[in-house]
Amino acid sequence: MDYQYSPFNPVIWGIFIGAMVLTYVVVSMFRHKHPDYPGERKKQNLTNDSSH
Amino acid sequence: MPANIDDLVIRVADICEYKWDMIRNRPLAYLLSGFAGGAMVVFGATLALSVSAGVPQHMGPGMANLLMGLVFMFSLVIIMVSGMTLVTADMYIGIIGVFHGRINWGWFTLGIMLGYIGNFLGSMFFMWLISQSASYAHLPWLMRAHDIGVAKMGQTASETFVMGIVCTWMLQVAAILYVKAEGDIAKIAMAAYGPLAFVAGMTEHCIANIGFLALPLFQQDMYLDAMAGNPVTLLHWGFGQFGWAHNQLYTVIGNVIGGILFVGIVFQLVSNPERVKALYKGKSDFMIKL
């Protein structure tokens, strides 16, 4: 089946989902490597800002 | 002297904090800024249509692209200078904000959605106004708008998708360099580069396309009357070839990848985490308005 004009193109959606997963993984690995990033204010956010 | 990349990512995080503070506490104001930003984008589309009618046939398609890019340049300048919202910029701003712990994934997603809705309304409304005019109802502009619609909406999903990625890769590099630059002239030059590149480069921008491709649809009846007896390609609002929704869908997801992965994440990872942490130690203000 030709998906080039379908809203459900599996290759493109696969690439998009893969890119979003990659984004999440990159951010998670960064946080794991730098747990105290970016520094003091982040700790303030954790205690004061209920949005996090 | 332009800020270094470590200063830059902190500035972007501060901008993120300002924007998402508005999203949390003043969502209607944010929606309005999105409406204004969406309209400002299609100021450029309107000018691009105006100056390029008849050009491909008489001066070559490349010259048409150049003219369109030149008149589109200042769309991003006025958005950045006014501080209004363009969702494609929010993509790189938000992901850097996530890295810096300023926002979480949920707020990032909600902010992008709200920005898109505001931009959609502004872009669509402005181009609807244009479609009600007499100027753009003359044959050269009817034909040019329709030709642009056919070219963009006739692309396959993969063609649209890759040009969506390329668009925000180019455009958001310009936008982040606007933040990096010091001085009005440098900032204007950086912001002007983005739309010039993405328009002259024939790429796909979701907000520009909302209005750019809605115009020939709003005017299609007039176009068909003007072309009576000649073979025409019919455009439509839905999915499938020559559909507005078909172009918009793959442009949006391409733009998301271009802005987040190739701009936001790249600049963040190039910055030095230790220097950023050192800069945070002396920091007292955590919000910047563009």
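Nothing here was measured: the structure is a model prediction, and the numbers come from that model. Chain identifiers are assigned alphabetically (A, B, ...) following the order of the sequence lines, protein sequences preceding nucleic acid strands; residue numbering begins at 1 within each chain.
Of the atoms belonging to B:Ile10, not a single heavy atom falls under 4.5 Å from chain A. When heavy atoms are compared at a cutoff of 4.5 Å, B:Trp105 approaches chain A solely by way of its side chain, counted from C-beta outward. Neither the backbone nor the side chain of B:Ile165 has a heavy atom closer than 4.5 Å to any heavy atom of chain A. For a residue to count as touching a neighbouring chain, one of its non-hydrogen atoms must lie under 4.5 Å from one of that chain's; by this rule B:Tyr250 touches chain A with the side chain only. Only the backbone of B:Gln155 comes within less than 4.5 Å of a heavy atom of chain A; no side-chain atom from C-beta onward does. Both the backbone and the side chain of A:Phe16 come within less than 4.5 Å of a heavy atom of chain B. With a threshold of 4.5 angstrom between heavy atoms, B:Ile253 approaches chain A through its backbone and through its side chain.
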Can you check ring-ring contact (aromatic ring centres under 6.0 Å, His included) on A:Phe30 and B:Phe99, steps first, answer last? CA-CA 8 Å; A:Phe30 184 91; B:Phe99 271 103; 5.1 Å; yes
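Remark: aromatic rings of A:Tyr5 and B:Phe239 are distant, center separation not under 6.0 Å.
Figure legend: B:Arg102 and B:Trp20 shown without cation-pi pairing, the cationic atom not lying both under 6.0 angstrom from the six-membered ring centre and within 45 degrees of its axis. Stacking of B:Lys283 on the aromatic ring of B:Phe286 is recorded, both the 6.0 Å distance cut-off and the 45° axial limit being met.
In terms of modelled atom types and a separation under 3.5 Å, the side chain of A:Thr23 and the main chain of A:Ala19 share a donor-acceptor contact.
Side-chain contact check for B:Gln268 and B:His100: at least one donor-acceptor pair (N or O, by modelled atom type) lies under 3.5 Å.
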